[in-house]
Amino acid sequence: MSANRRDQPFYMTATTQFGLEEVLAQELRELGAKIEKVGQRAIEFSGNQQLLYEACLWCRTAVRILRPFAGFSAPDEKSLYREVGRIDWTKYLRQDQTFAITAVVNKSNLEHSLFVAQLTKDAIVDQFRNRTGERPNVDVRNPDIRLHLHMLENEVVLSLDASGESLHKRGYRQQTNVAPLNEALAAGLLLLSGWDGKTTLVDPMCGSGTILTEAALIAQRIAPGLYHQGKFGFEHWADFDAVLWETVQMDARQMRLEEPQCYIGGSDLSRDFIELARENIAAADLEDFIRLGVRDVKDAAAPARAEPGIVLTNPPYGERIGEETEMDDLYKTIGDTLKTGFQGYDAYIFTGNLLAAKRVGLKASRRIPLYNGPIDCRLLKYELYRGTRKVVKEGEEGSEQERTKTE
């Protein structure tokens, strides 16, 4: 990253998914941010304009980067309309620009977020109309300016959304209706595992390849924001610095490593999924860094000439009625494959089916709570030792660190 830091620091908020807060905070620290608060699904931090641009470009687990600019109390409709109307909106929005408002309301007298967003929109539009006789238009799909309103216990914070399209939408995915993991969550699983981008990584049930693609982006030091579709939100702001933004992008492109850093490979029983994975990987220009094959998980094994690393996979959860037996058999097969084919590896299974996960037949040394959309999930870690390993007896101190016994 360029060390040329312009202008004074200001406060920002980065949003993420539940369970990825500390991972995102570390990403921001590595960019030079000062972390002010780690909250639930949000990180408050400070930095300057260059840091804001870099956060949008580099943060793998962020969903949005917000820049707060106003705060006030609003216990009722009149106070909300009045306080929004007191802001000089010409600083943030031109009348020839489109805008949209996202409102999140918790524990407040005004309970309905859509009503709060509508009232805020009315106050903004009325100010422009009263001053100039003209007004900016609302565009909920692709606005120039995205505004975020957060109301907690009648306290309102208004922010500019720097992201534009959600940051998890990298742009390389060719079909969005078949992948069970979004890109930010896939990257989060990799970072939670502690994978350093230099050791072997295998996904034996890779589906459309999101975990593999995000792994290659990490290993090759590629900024995910380089795939962002359309403009970032900050490119429409009044203080947008085009020269600085071009410099930040240029620095990011120069960070890319062209030589493969490690073995990254995946397989799936479905030939259609593997073909889709190839399309996604090609769209990300990563064909040289990822190996794919059509293979049943029961036949998966560690690559012959690669040092042990990690296995990371997101198997089906079996959400349809009547799939219980099928899922039990599948997870037992996964466990058998890990024990026989990946000794010396650390294995991570991300699943929303905790009952079926018991059939893996291995003792999890870590259980990290996460969500995949609305589904309560766990990232389960299994340590697959070569030969035998002494198991801590039940009741002994440190039993939480019980080691798997494999032969």
Side-chain angles (χ1 to χ4, degrees), residues 1 5 8-71 102-108 113 146 148-163 166-169 181-197 214 217-218 223-225 232-234 348 350 366-381 400:
M1 317 294 169
R5 300 285 175 180
Q8 294 299 309
F10 49 85
Y11 283 93
M12 290 171 267
T13 300
T15 65
T16 188
Q17 297 182 220
F18 174 84
L20 300 182
E21 295 91 349
E22 290 293 347
V23 173
L24 177 55
Q26 184 58 32
E27 287 195 272
L28 290 164
R29 287 188 191 99
E30 290 173 3
L31 291 172
K34 179 184 178 184
I35 304 300
E36 307 290 345
K37 179 183 177 182
V38 178
Q40 190 171 73
R41 297 192 297 274
I43 312 299
E44 297 176 19
F45 65 103
S46 57
N48 61 17
Q49 194 164 12
Q50 179 169 329
L51 178 70
L52 182 143
Y53 294 174
E54 290 176 346
C56 288
L57 200 61
W58 279 99
C59 285
R60 303 180 191 279
T61 58
V63 175
R64 295 195 175 276
I65 306 293
L66 307 174
R67 180 175 181 175
F69 63 88
T102 299
V104 177
V105 179
N106 289 304
K107 302 177 184 177
S108 299
S113 58
R146 294 177 187 265
H148 186 273
L149 182 150
H150 185 259
M151 177 181 280
L152 176 63
E153 297 178 346
N154 302 326
E155 295 297 319
V156 175
V157 175
L158 278 163
S159 303
L160 289 166
D161 185 343
S163 316
S166 176
L167 296 178
H168 84 270
K169 297 180 180 179
L181 284 184
N182 75 45
E183 297 91 321
L185 179 54
L189 298 179
L190 289 158
L191 296 174
L192 280 169
S193 77
W195 185 65
D196 60 3
E214 291 297 317
L217 295 183
I218 292 171
F232 286 91
F234 61 74
Y348 292 82
F350 180 63
R366 290 180 69 193
R367 303 170 63 90
I368 303 172
L370 296 160
Y371 280 87
N372 187 0
I375 303 171
D376 185 15
C377 296
R378 296 293 183 276
L379 179 62
L380 305 171
K381 179 183 180 182
E400 284 300 311

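What you are looking at is a predicted structure, and each value in this text was computed from that prediction instead of being measured. Just the heavy atoms: all of them, side chains too, but no hydrogens, waters or symmetry mates, feed the values below.
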Which residue pairs pass the ring-ring contact (aromatic ring centres under 6.0 Å, His included) test when at least one of the two sits in residues 11-54, sequence neighbours left out? Phe18-Tyr371, Tyr53-Phe234, Tyr53-Trp245
Near Lys169 NZ, under 6.0 Å, is it more than 12 heavy atoms from other residues, nucleotides or ligands? no
List the atom of His168, the atom of Asn182, and the distance in Å for their closest heavy-atom pair. CD2-CB, 3.5 Å
Roughly how far apart are Glu36 CD and Met12 CE, rounded to 0.5 Å? 10.0 Å
Is there a side-chain contact between Leu66 and His150 (heavy atoms, below 4.5 Å)? no
So do the side chains of Leu192 and Leu20 get within less than 4.5 Å of each other, counting heavy atoms only? yes
Rounded to the nearest 0.5 Å, what separation is found between the CG atom of Leu185 and the SG atom of Cys377? 8.0 Å
Are any side-chain N or O atoms of Ser163 and backbone N or O atoms of Ile65, one a donor and one an acceptor, separated by less than 3.5 Å? yes
pair Val156-Ser108: side-chain heavy atoms closer than 4.5 Å: no
If you take all heavy atoms of Gly225 and Phe232, which pair is closest and at what distance? O-CZ, 3.7 Å
Glu22 versus Gln26, side-chain donor and acceptor atoms under 3.5 Å: no
Do the non-hydrogen side-chain atoms of Leu167 and Val63 ever get within less than 4.5 Å of each other? no
Any side-chain heavy atom of Leu190 within less than 4.5 Å of one from Arg60? no
Exercise: identify the closest heavy-atom pair between Ile35 and Ala25: CD1-O, 3.7 Å
Looking only at heavy atoms, which two atoms of Thr13 and Pro68 are closest? And how far apart? OG1-CG, 4.1 Å
Indicate the atoms forming the closest heavy-atom contact of Ala14 with Leu28, along with that distance. CB-CD1, 4.1 Å
Contacts of Thr102 meeting side-chain hydrogen bond (donor to acceptor under 3.5 Å, both in side chains) (sequence neighbours excluded), chain-then-number -> none
Between the OG atom in Ser159 and the CZ atom in Phe69, the distance rounded to the nearest 0.5 Å is 7.0 Å
If every non-hydrogen atom of Cys59 is compared with every non-hydrogen atom of Pro224, which pair is closest and at what distance? O-CG, 4.2 Å
Exactly one candidate in Arg146, Arg67, Arg64 meets side-chain hydrogen bond (donor to acceptor under 3.5 Å, both in side chains) with Asp161; the answer is Arg64
Hey, what do you get for CG (Leu51) to NZ (Lys34), rounding to the nearest 0.5 Å? 13.0 Å
Looking only at atom types and distance, does a side-chain atom of Glu27 sit under 3.5 Å from a main-chain N or O of Thr61, one as donor and one as acceptor? yes
At what distance, to the nearest 0.5 angstrom, does CZ of Arg29 lie from CG of Leu31? 12.0 Å
Which of these, Leu379, Leu380, Leu189, sits in a side-chain contact (heavy atoms from CB on, under 4.5 Å) with Tyr348? Leu379
Are side-chain heavy atoms of Arg378 and Pro369 found at a separation under 4.5 Å? yes
For Glu21 and Arg41, indicate whether the former's side chain and the latter's backbone hold a donor-acceptor pair under 3.5 Å. yes
With side chains defined as the heavy atoms from C-beta onward, is the minimum distance between Leu370 and Gln17 less than 4.5 Å? no
